[in-house]
Amino acid sequence: MTTDSIRRLNAADSDFDAQLEQLLAWESVADTHVETTVADILQQVRSRGDAAVIEYTNRFDRRQLNSAGEFCLAQSALAAALERIPSAEREALEAAAERVRAYHQRQRQESWRYEEADGTVLGQQITPMERVGIYVPGGKASYPSSVLMNAIPAKVAGVDCVTMVVPAPDDQLSDLVLAAAAIAGVDQLFTIGGAQAVAALAYGTESVPKVDKIVGPGNIFVAAAKRAVFGRVAIDMIAGPSEILVICDGGTDPDWIAMDLLSQAEHDQQAQSILLSPDVAFLNAVEKSLDRLLDELPRREIAAQSLAGRGALIQVQSIEAAIALANRIAPEHLEVSVEDPEQYLAQIRHAGAIFLGRHTAEALGDYCAGPNHVLPTSGTARFSSPLGVYDFQKRSSIIYCSPAGADSLGRVARTLARGEGLEAHALSAQYRVKE
Ligand SMILES: NC(=O)c1ccc[n+]([C@@H]2O[C@H](COP(=O)([O-])OP(=O)(O)OC[C@H]3O[C@@H](n4cnc5c(N)ncnc54)[C@H](O)[C@@H]3O)[C@@H](O)[C@H]2O)c1
Ligand SMILES: N[C@H](CO)Cc1c[nH]c[nH+]1
Ligand SMILES: [Zn+2]
């Protein structure tokens with residue numbers, strides 16, 4: 001990579017809005033080729049079940065499966081992987097799991113009710129979902145951390161059965177992924193991925209039970225499949241490629257910021273890394289650091305393509321202007337690497353996760369700080385939130401009318417029902433009124 005391969009922009013330029021629009025565009029799930037491929041896969045799995053899952057898995061993940069039994073893993077395989085991994089890795093997974101669990105336990109919503117003077121009781125009952133499918137990506141990299149981030153909130157919510165799918169390209173599946181599944185308490189694990197795995201979870205097959213909700217990140221085929229099955233099952237969100245937006249006042253080590261940008265760039269060619277700073281000398285220094293540090297990375301080709309295609313170093317007037325721009329972009333991850341970051345927190349409206357201070361590397365949140373790393377991307381942080389326990393809990397309204405309560409409510413209801421021309425409603429209410 002060379003110094004001119006990351007875009008340099010200035011927010012004061014007259015054509016900045018057009019440049020920004022171009023920067024934020026990406027090959028989305030609405031791509032027609034992806035949509036038709038996925039529609040075909042969904043239809044085949046729906047009608048032919050396991051046979052179609054096997055066919056697509058062999059084709060896309062380069063496997064030689066002959067029967068569904070070969071993609072169903074026994075619990076003993078998870079436990080064995082947990083025993084096999086080095087103790088340092090087991091301890092790290094357990095430490096991360098503990099922190100993720102502790103954070104998510106605070107998100108549990110409780111049922112509530114209140115009683116009125118006439119004895120009428122109103123409330124909301126919280127119940128966990130029964131069956132949830134978690135998608136753990138595995139095409140270009142392996143993500144034990146995503147196992148924890150998806151499965152632990154489901155378990156904290158009290159989901160009865162957590163079914164995990166993860167692709168095993170070329171028959172390879174990391175022991176860490178299996179060990180993480182054991183630690184998180186995954187109930188069933190199938191080594192399948194892509195749209196065929198989403199279809200299996202949504203429709204059910206001979207081997208894969210149908211679930212109520214599918215959560216978890218994945219590539220465009222996974223995202224398009226989730227979007228297509230939404231309605232038949234619930235989904236968490238349509239997550240796109242990973243993103244980071246850093247705001248820096250110029251006072252942080254440029255190598256730290258460069259590596260924070262690279263940390264998301266190494267996920268995917270389509271990942272997005274953006275730096276906003278009012279300090280031009282600092283932007284220059286980060287550009288130099290990027291060049292030098294990139295060469296140290298095993299995944300430098302992916303990171304270089306991501307930075308060249310979707311990265312940007314943007315000069316802004318001030319930190320306040322940077323925050324206004326960040327709110328327009330609504331990034332998945334926002335790092336506020338400035339002096340006294342707390343003072344800006346109230347101005348931040350749209351970001352999946354906000355990392356405050358020079359020491360708070362986004363990578364710490366990816367693994368073990370505690371909050372979830374499954375976050376809204378591509379501007380959807382304007383209207384959606386991190387994956388959490390609330391994604392696995394449902395609410396039912398509770399209504400109990402005492403005789404006195406039914407009498408007073410019945411008078412209101414019969415009048416409104418007659419206004420709507422619904423006489424059966426009016427009479428149903430009327431029968432409870434003591435005239
Ligand atoms: N937001 C998060 O929390 C988070 C966490 C980890 C990873 N990610 C993102 O998830 C994504 C993971 O993508 P990935 O590709 O590594 O793994 P993946 O598991 O999402 O996709 C792999 C699957 O894609 C399917 N596929 C590949 N090429 C295909 C084709 N031509 N036609 C049909 N299907 C095809 C295959 O079935 C394969 O099993 C990356 O963008 C990464 O940045 C996000
Ligand atoms: N940054 C990713 C979410 O965008 C999560 C992750 C997993 N492993 C490393 N990073
Ligand atoms: Zn990451």
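Every number for a ligand or one of its atoms is a count from 1 in the order of the listing. Numbers here simply count residues along the sequence, with the first being 1.
In terms of protein heavy-atom proximity, atom 1 (N) of ligand 2 is nearest to Gln264 OE1, 2.8 Å. Among protein heavy atoms, atom 17 (O) of ligand 1 sits closest to Gly139 N, 2.9 Å. Looking from atom 20 (O) of ligand 1 to the surrounding protein, the closest heavy atom is Asn219 N, 2.7 Å. For atom 18 (P) of ligand 1, the closest heavy atom belonging to the protein is Tyr135 OH, 3.5 Å. For atom 26 (N) of ligand 1, the closest non-hydrogen atom of the protein is Phe221 CD1, 3.8 Å. In this structure, the protein non-hydrogen atom closest to atom 42 (C) of ligand 1 is Tyr143 OH, 4.0 Å. In terms of protein heavy-atom proximity, atom 41 (O) of ligand 1 is closest to Asp268 OD2, 2.5 Å. Of all protein heavy atoms, the one lying nearest to atom 36 (C) of ligand 1 is Phe60 CB, 3.6 Å. The protein heavy atom nearest to atom 44 (C) of ligand 1 is Pro217 CB, 3.5 Å.
Here is the list of ligand 2 atoms found below 4.0 Å of a heavy atom in Ser145: 7 (C), 8 (N). Listed by number with element, the atoms of ligand 1 under 4.0 Å from a non-hydrogen atom of Gly218 are 10 (O), 11 (C), 20 (O). Using a 4.0 Å cut-off to heavy atoms of Glu332, the atoms of ligand 2 that qualify are 3 (C), 4 (O). Of all the atoms in ligand 2, the ones that sit under 4.0 Å from a non-hydrogen atom of Tyr143 are 7 (C), 8 (N). Each of the following atoms of ligand 2 lies closer than 4.0 Å to a heavy atom of His333: 1 (N), 3 (C), 4 (O). Listed by atom number, the atoms of ligand 2 under 4.0 Å from Tyr367 heavy atoms are 8 (N), 9 (C).
With a 4.0 Å heavy-atom cut-off, ligand 1 is reached by the side chain of Gln196 but not by its N, CA, C or O. Using a 4.0 Å cut-off between heavy atoms, Glu332 contacts ligand 1 through its side chain alone, with no backbone atom that close. Residue contacts with ligand 1, taken as heavy atom pairs separated by less than 4.0 Å, involve Val222 solely via side-chain atoms from C-beta onward.
Between Cys248 and Leu275 the shortest side-chain heavy-atom distance falls below 4.5 Å. Within the 4.5 Å cutoff, no side-chain heavy atoms of Tyr56 are placed close to those of Ile192. The closest side-chain heavy-atom distance from Leu23 to Gln272 is below 4.5 Å. Leu261 has its side chain within reach of Leu313: a pair of non-hydrogen atoms, C-beta onward, lies under 4.5 Å apart. For the pair Ile257 and Phe282, the minimum side-chain heavy-atom distance is below 4.5 Å. Contact of the Phe71 side chain with the Thr57 side chain is not registered, since no non-hydrogen atoms from C-beta on lie closer than 4.5 Å. Considering only heavy atoms from C-beta on, Val246 stays 4.5 Å or farther from Thr252 through its side chain. Between Leu93 and Ile85 there is a side-chain heavy-atom pair separated by less than 4.5 Å.
Other residues, nucleotides and ligands place more than 12 heavy atoms under 6.0 Å from the CD atom of Gln43.
Considering backbone and side-chain N/O atoms, Leu375 never comes within less than 3.5 Å of an N/O atom of ligand 1. Any N or O atom pair closer than 3.5 Å counts here, and Ser146 shares no such pair with ligand 1. Between Thr37 and ligand 1, a contact under 3.5 Å exists for no N or O pair.
Note on the Zn ion (ligand 3): protein N, O or S atoms under 2.8 Å away count 2, no waters included.
Salt bridge status for Glu70 with Arg63: absent, with no side-chain N to carboxylate O gap under 4.0 Å. Between Arg227 and Glu35, at least one side-chain N (NZ, or NE/NH1/NH2) sits under 4.0 Å from a carboxylate O, which counts as a salt bridge. A salt bridge links Arg358 with Asp249: the closest approach of a Lys/Arg side-chain nitrogen to an acidic carboxylate oxygen falls below 4.0 angstrom.
In this structure, Ala271 falls outside the shell of residues with a heavy atom less than 4.0 angstrom from ligand 1. At a 4.0 Å cut-off, not a single heavy atom of Tyr56 sits close enough to ligand 1 to count as contact. Contact between Ser242 and ligand 1 is present, with at least one heavy atom of the residue lying under 4.0 Å from the ligand.
Paired with Asp187 under the rule side chain to side chain donor-acceptor pair (under 3.5 Å), one option of Gln75, Lys155, Arg131 passes, and it is Lys155.
With 3.5 Å as the limit, one finds no donor-acceptor pair spanning the side chains of Gln19 and Arg7. Counting only N and O atoms by type, the side chains of Asn219 and Gln270 include no donor and acceptor under 3.5 Å apart. Under the 3.5 Å distance criterion, with hydrogens and angles disregarded, no donor-acceptor pair is assigned to the side chains of Ser396 and Gln125.
In this structure, CG in Leu42 is found 9.5 Å from CD in Gln196, a value given to the nearest 0.5 Å. Atom CZ of Arg48 is separated from atom CD of Glu55 by 4.5 Å, given to the nearest 0.5 angstrom.
Taking all heavy atoms of His373, His267, Met149, Glu243 into account, the minimum distance to atom 2 (C) of ligand 2 is reached by His267.
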